[in-house]
*Asks:* 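Could you have a look at this structure, given as structure tokens, before my questions?
Since the structure is predicted, the reported quantities are computational estimates derived from the model, not experimental observations. Residue numbers start at 1 and run along the sequence shown.
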Amino acid sequence: MTAATAHATGPRSADPSGPARSSRSESTPCCSLSDSPLDAQHAEHMAVKLKALADPTRLRLLSRIAAQGCDAVCACDLLDELGISQPTVSHHLKKLVDAGLLTREQRGRWAHYTVVREAFADLSGFLDLG
């Protein structure tokens, strides 16, 4: 066995339950994304939010809006800050609204956006490995 093979496969043991397995005490917490496995509906719900967040432009837009706290942010203020066109901003903001991460309020010609705090509490709870 070469060093590369030994590194890739790990240490070998004659006992299949040997050193590769470790016993955990009942008091040692184990990483878990939730108390129980996700059902199909909850998995779809979380996937929509995570997919919306999986785009760098959407993350940048969301970051700018979240930085304003509870104040609504006009889409017009996001154009120059990020250097992207109005149709691109609108497209990405729509994805964030559809995912339930932002709310949209039309004020005259421009839409204003605010963060849905409950959606982020939901995501935070789902991703908490503590």
Side-chain angles (χ1 to χ4, degrees):
M1 174 177 352
T2 67
T5 308
H7 178 69
T9 61
R12 297 195 184 253
S13 171
D15 180 5
S17 65
R21 288 188 167 194
S22 64
S23 62
R24 295 180 189 253
S25 70
E26 293 299 318
S27 64
T28 304
C30 181
C31 293
S32 173
L33 290 177
S34 65
D35 293 334
S36 61
L38 295 176
D39 61 28
Q41 183 179 3
H42 192 217
E44 182 64 32
H45 173 77
M46 297 308 297
V48 168
K49 287 177 176 25
L50 294 169
K51 284 179 190 177
L53 292 172
D55 181 272
T57 300
R58 288 195 279 273
L59 285 174
R60 291 179 65 210
L61 287 165
L62 184 61
S63 172
R64 299 287 180 169
I65 296 167
Q68 298 303 309
C70 296
D71 295 337
V73 176
C74 180
C76 60
D77 294 331
L78 299 168
L79 301 176
D80 292 334
E81 285 186 37
L82 299 176
I84 53 180
S85 69
Q86 184 276 322
T88 301
V89 168
S90 293
H91 165 77
H92 287 294
L93 290 172
K94 181 178 181 341
K95 294 282 188 182
L96 292 167
V97 169
D98 290 348
L101 300 170
L102 296 176
T103 59
R104 179 184 188 276
E105 178 187 350
Q106 192 69 36
R107 297 182 191 169
R109 181 173 180 233
W110 291 100
H112 290 70
Y113 296 86
T114 54
V115 170
V116 177
R117 295 198 178 277
E118 297 81 13
F120 289 93
D122 191 27
L123 281 167
S124 179
F126 173 72
L127 295 173
D128 182 18
L129 297 175

*Asks:* Say you draw a straight line from OG1 of T103 to NE2 of H112; how long is it, rounded to the nearest 0.5 Å?
*Replies:*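 Reported to 0.5 Å precision, the distance equals 11.5 Å.
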
*Asks:* Going by the rule salt bridge (Lys or Arg N to Asp or Glu O under 4.0 Å), which residues pair with K51 if we only count those two or more places apart in sequence or in a different chain?
*Replies:*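 Not a single residue meets the salt bridge (Lys or Arg N to Asp or Glu O under 4.0 Å) criterion with K51.
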
*Asks:* What residue pairs, at least two apart or across chains, pass disulfide (SG to SG under 2.5 Å) with a residue in residues 73-107?
*Replies:*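 Matches after skipping sequence neighbours: C74-C76.
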
*Asks:* Does K49 NZ have over 12 foreign heavy atoms under 6.0 Å away?
*Replies:* yes

*Asks:* Could you tell me which non-hydrogen atom of L101 sits nearest to which non-hydrogen atom of A119, and how far apart they are?
*Replies:*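 Result for this residue pair: CD2-CB, 3.9 Å.
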
*Asks:* Distance from L62 atom CG to L102 atom CG, nearest 0.5 Å?
*Replies:*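 The CG atom of L102 is 5.5 Å from CG of L62, to the nearest 0.5 Å.
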
*Asks:* Step through the shown structure and confirm whether more than 12 heavy atoms of other residues, nucleotides or ligands are within 6.0 Å of CD on Q106.
*Replies:* yes

*Asks:* Please list all pairs meeting salt bridge (Lys or Arg N to Asp or Glu O under 4.0 Å) that have one or both residues in residues 59-73, counting only residues at least two apart or in different chains.
*Replies:*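 Only R64-E81 qualify under salt bridge (Lys or Arg N to Asp or Glu O under 4.0 Å).
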
*Asks:* Let me check something: do L53 and V115 share a hydrophobic cluster, defined by ILVMFWY side-chain heavy atoms less than 4.5 Å apart, either directly or through other members?
*Replies:* yes

*Asks:* Name all pairs fulfilling the salt bridge (Lys or Arg N to Asp or Glu O under 4.0 Å) condition that reach into residues 103-112, sequence neighbours left out, sorted by first residue then second.
*Replies:*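 Matches after skipping sequence neighbours: E105-R107.
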
*Asks:* Is it the case that the side chain of S124 and the backbone of F120 share a donor-acceptor pair, with hydrogens and angles ignored and the cut-off at 3.5 Å?
*Replies:* no

*Asks:* How many angstroms lie between CD in Q86 and CG in L79, if you round to the nearest 0.5 Å?
*Replies:*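 Q86 CD to L79 CG: 6.5 Å, rounded to 0.5 Å.
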
*Asks:* In Å and rounded to the nearest 0.5 Å, what is the CG to CD1 distance from L61 to I84?
*Replies:*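 With rounding to 0.5 Å, CG (L61) is 4.5 Å from CD1 (I84).
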
*Asks:* Could you see if L59 belongs to whatever hydrophobic cluster contains V97? Use Ile, Leu, Val, Met, Phe, Trp, Tyr and a side-chain cutoff under 4.5 Å.
*Replies:* yes

*Asks:* Got a second to check how far K95's NZ is from D98's CG, nearest 0.5 Å?
*Replies:*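 Those atoms lie 7.0 Å apart.
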
*Asks:* Are there more than 12 heavy atoms of other residues, nucleotides or ligands under 6.0 Å from atom CG of D39?
*Replies:* yes

*Asks:* What distance do K94 atom NZ and Y113 atom OH have between them, rounded to the nearest 0.5 Å?
*Replies:* 9.5 Å

*Asks:* Test your reading of the model: is there a side-chain donor-acceptor pair from R58 to the backbone of A52, 3.5 Å cut-off?
*Replies:* yes

*Asks:* Return the set of residues passing side-chain contact (heavy atoms from CB on, under 4.5 Å) with L50 (not counting sequence neighbours), or none when no residue passes.
*Replies:*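 Residues passing side-chain contact (heavy atoms from CB on, under 4.5 Å) with L50: L123, F126.
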
*Asks:* Within the 4.5 Å heavy-atom criterion, are L78 and L93 side-chain neighbours or not?
*Replies:* yes

*Asks:* If you group Ile, Leu, Val, Met, Phe, Trp and Tyr by side-chain heavy-atom gaps below 4.5 Å, do L96 and V48 land in one group?
*Replies:* no

*Asks:* Kindly state each residue pair satisfying salt bridge (Lys or Arg N to Asp or Glu O under 4.0 Å) with at least one member in residues 111-126, sequence neighbours excluded.
*Replies:*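 Of all non-adjacent pairs touching residues 111-126, none passes salt bridge (Lys or Arg N to Asp or Glu O under 4.0 Å).
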
